[in-house]
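So the structure is just underneath, and the comments pick up after that.
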Amino acid sequence: QVQLVESGGGLVQAGGSLRLSCVASGSTFRSYAMAWFRQAPGRERELVVAITWSGGRTYYADSVKGRFTISRDNAKNTVSLQMNSLKPEDTAVYYCAARPFGAIPTISAAYDYWGQGTQVTVSS
């Protein structure tokens with residue numbers, strides 16, 4: 001069982017930056033693939049970024065490539081999302097998600113554990 005707690009959301013102007021963090025409970029964190037999804041009002045939840053247990057492979061949605069960076073610290077049970085050059089269309093609730101083993105699927109149903117979500121609002 002893994003519990004995930006996100007932090008770092010907020011309100012920022014377009015072009016600004018935010019850093020989201022997700023802390024996981026449990027000693028098996030290092031064996032989990034981690035991801036950040038987001039969901040805007042009226043839209044489906046979408047995968048933004050993901051990282052394998054070792055950090056050796058990552059996935060970035062085309063819409064965030066070059067602006068967002070995912071990283072993990074297995075010693076601290078933490079995965080982070082650095083978001084730069086934010087745009088109004090990045091406004092959404094951002095969710096941290098985890099699944100055992102190495103693959104990083106793009107569908108939300110493939111992830112077993114979820115945080116409560118943190119709101120990111122980018123004003124124009």
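Heads up: numbering here begins at 1 and tracks the sequence. These numbers were taken from a predicted model, which means no experiment stands behind them.
- Contacts classified as disulfide (SG to SG under 2.5 Å) and involving residues 55-87 (residues at least two apart or in different chains) are not found.
- Cation-pi geometry between Arg45 and Tyr95 is met: the NZ or CZ atom falls under 6.0 Å from the ring centre, inside 45° of the normal.
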Run the side-chain donor-acceptor check on residues 14-23: report pairs under 3.5 Å with partners two or more places apart or on a different chain.
residue, atom, partner, partner atom, Å
Ser17, OG, Asn84, OD1, 2.9
Arg19, NH1, Gln82, OE1, 3.1

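- Note on Ile70 and Phe68: same hydrophobic cluster, where clusters join Ile, Leu, Val, Met, Phe, Trp and Tyr whose side-chain heavy atoms are under 4.5 Å apart, directly or indirectly.
- Here Arg43 contributes atom CZ and Glu89 contributes atom CD; the two are 9.5 Å apart, rounded to the nearest 0.5 Å.
- Under a hydrophobic-cluster definition in which Ile, Leu, Val, Met, Phe, Trp and Tyr are linked whenever side-chain heavy atoms come within less than 4.5 Å, directly or via other members, Val12 and Leu81 are assigned to the same cluster.
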Less than 3.5 Å apart, which donor and acceptor atoms pair up between the side chains of residues 96-109 and the rest of the protein, not counting sequence neighbours?
residue, atom, partner, partner atom, Å
Arg99, NE, Ala110, O, 2.9
Arg99, NH1, Ala103, O, 3.2

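- Relative to the six-membered ring of Phe29, Arg72 meets both conditions, a distance below 6.0 Å and an angle of at most 45° to the axis.
- Taking a cutoff of 4.0 Å between a charged side-chain nitrogen and a carboxylate oxygen, Asp90 and Lys87 do not qualify as a salt bridge.
- Closest of all the heavy-atom pairs between Trp36 and Val79 is CZ2-O, 3.9 Å.
- Side chain of Glu6 to main chain of Gln116: a donor-acceptor pair is present (N/O by atom type, distance under 3.5 Å, no hydrogens or angles).
- Under the 4.5 Å side-chain heavy-atom criterion for ILVMFWY residues, a single connected hydrophobic cluster contains both Ile51 and Tyr113.
- Formation of a donor-acceptor pair under 3.5 Å by the Asn77 side chain with backbone atoms of Ser25 is not found in this model.
- Cluster annotation: Val49 and Val120 are assigned to the same hydrophobic cluster (Ile/Leu/Val/Met/Phe/Trp/Tyr, side-chain heavy-atom contacts under 4.5 Å, transitive).
- Proximity of a side-chain donor or acceptor of Arg38 to a complementary backbone N or O of Ala92 within less than 3.5 Å is not detected.
- Between Ala35 and Tyr111 the shortest heavy-atom distance is CB-CE2, 3.6 Å.
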Requested in this report: Starting from the C-alpha separation in whole Å, work towards a yes-or-no answer on side-chain contact (heavy atoms from CB on, under 4.5 Å) for Tyr60 and Val48.
Outcome: CA-CA 6 Å; Tyr60 290 89; Val48 179; over 6 Å; no
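- Residues Tyr94 and Leu47 are members of separate hydrophobic clusters, defined by side-chain heavy-atom contacts under 4.5 angstrom among Ile, Leu, Val, Met, Phe, Trp and Tyr.
- Nearest heavy atoms, Leu4 versus Met34: CD2-CE, 4.0 Å.
- Proximity of a side-chain donor or acceptor of Arg67 to a complementary backbone N or O of Ser63 within less than 3.5 Å is detected.
- Side-chain rings of Phe37 and Trp114 approach one another, their centers coming within less than 6.0 Å.
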